[in-house]
Amino acid sequence: MGEKNRLNRFTEVLGEDVDTAFKRLASEILKDGALTLKEKSIIGLACAVAVKCDSCARAHKKQALKAGASEREIMEAAAVAGLVRMGSGFNTAYALLDDQKHSREIQFNAKNHDENKENNRSKEDKTIPRKPDGYLNSIYGKNDQE
């Protein structure tokens, strides 16, 4: 039998009751219900990627493959997790704008290779409304007012 993973070793060190309780909880959560074990394994993999836990991602990949997930499904789940992670990073960085004088607008300077176009743009064209979750609406083609 291979070396036990750190999680199992740690729960064992905490004591048999903790180890048993953790394993029972994991078993209860991962059993088939509204989602299959395969689907739950893919979600676990995506979560591991999103929280940037390399060893967790490898363990969840192994479990997802055992549960019948394809390499393609695993890569797509990891890509979605990466998108969520990037979005959460942007959302966190957005907090840095809270102390801006203009609480409703952000001014930016974009370098434009066409000087004439830049000179003809109005100030309003350089304003981005503060909508931290608006990018998803653009992806799904939904109107911001819905």
Side-chain angles (χ1 to χ4, degrees), residues 1-113 118 121-146:
M1 185 173 184
E3 182 182 343
K4 289 184 180 181
N5 69 38
R6 289 176 164 188
L7 173 65
N8 288 335
R9 289 193 327 247
F10 184 73
T11 58
E12 287 174 355
V13 167
L14 291 175
E16 186 178 337
D17 290 344
V18 172
D19 187 51
T20 301
F22 183 82
K23 288 175 180 171
R24 193 171 47 239
L25 175 64
S27 177
E28 189 64 27
I29 289 171
L30 293 174
K31 73 181 182 183
D32 281 348
L35 299 173
T36 65
L37 174 61
K38 175 184 164 183
E39 293 165 330
K40 291 176 182 185
S41 297
I42 292 170
I43 291 168
L45 170 107
C47 292
V49 169
V51 300
K52 297 173 60 172
C53 179
D54 294 347
S55 60
C56 301
R58 284 190 293 274
H60 284 283
K61 177 183 178 184
K62 186 176 177 181
Q63 177 58 44
L65 288 169
K66 277 186 187 177
S70 69
E71 288 285 341
R72 179 86 177 159
E73 289 171 316
I74 288 169
M75 292 302 117
E76 285 187 22
V80 171
L83 179 63
V84 169
R85 180 71 183 192
M86 182 178 65
S88 69
F90 286 171
N91 200 26
T92 300
Y94 182 78
L96 300 172
L97 302 173
D98 288 342
D99 62 351
Q100 297 289 322
K101 286 183 179 181
H102 303 287
S103 63
R104 304 295 277 164
E105 299 175 339
I106 304 164
Q107 299 295 323
F108 74 98
N109 294 321
K111 290 193 176 197
N112 190 334
H113 297 292
E118 184 65 30
R121 287 186 180 173
S122 70
K123 183 178 178 181
E124 292 169 6
D125 291 338
K126 296 177 187 176
T127 302
I128 299 174
R130 293 178 74 183
K131 295 181 182 176
D133 59 354
Y135 79 98
L136 287 177
N137 289 335
S138 67
I139 291 171
Y140 295 118
K142 293 182 180 177
N143 185 331
D144 286 337
Q145 296 174 348
E146 291 181 329

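The model shown is predicted, which means the values in this text are computed figures rather than measured ones.
- Taken to the nearest 0.5 Å, the NZ atom of Lys38 stands 15.5 Å off from the CG atom of Leu30.
- Here the side chain of Thr20 pairs no donor or acceptor atom with the backbone of Asp17 at under 3.5 angstrom.
- Contact check on Glu76 versus Arg72 returns a salt bridge, with a Lys/Arg side-chain nitrogen under 4.0 Å from an Asp/Glu carboxylate oxygen.
- Rounding to the nearest 0.5 Å places CZ of Arg58 at 12.0 Å from CG of Leu45.
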Problem set entry | Candidate pair Leu65 and Lys61, rule side chain to side chain contact (heavy atoms under 4.5 Å, CB included), full reasoning | CA-CA 6 Å; Leu65 288 169; Lys61 177 183 178 184; 4.0 Å; yes

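- Glu73 and Ile42 make their closest contact through CB-CD1, 4.1 Å (heavy atoms, listed as atom of the first residue, atom of the second, distance).
- Counting only heavy atoms from C-beta outward, the side chains of Ile74 and His60 never approach each other to under 4.5 Å.
- Side-chain atoms of Leu14 and Phe22, non-hydrogen and from C-beta on, never get closer than 4.5 Å to each other.
- The two atoms that bring Leu37 and Asp32 nearest to each other are N-OD1, 2.6 Å, heavy atoms only.
- Considering every non-hydrogen atom in both Val49 and Gly82, the closest pair reads CG1-N, 4.4 Å.
- When side chains are defined from C-beta on, Arg9 does not count as touching Val13, because their heavy atoms never get closer than 4.5 Å.
- The two atoms that bring Ala77 and Ala46 nearest to each other are O-CB, 3.7 Å, heavy atoms only.
- Counting all heavy atoms, side chain and backbone alike, Lys31 lies closest to Lys40 at O-NZ, 2.6 Å.
- Once rounded to the nearest 0.5 Å, the distance linking CG of Asn8 with CD of Glu12 reads 6.0 Å.
- Across every non-hydrogen atom of Ser41 and Gln63, the tightest pair is OG-CG, 3.5 Å.
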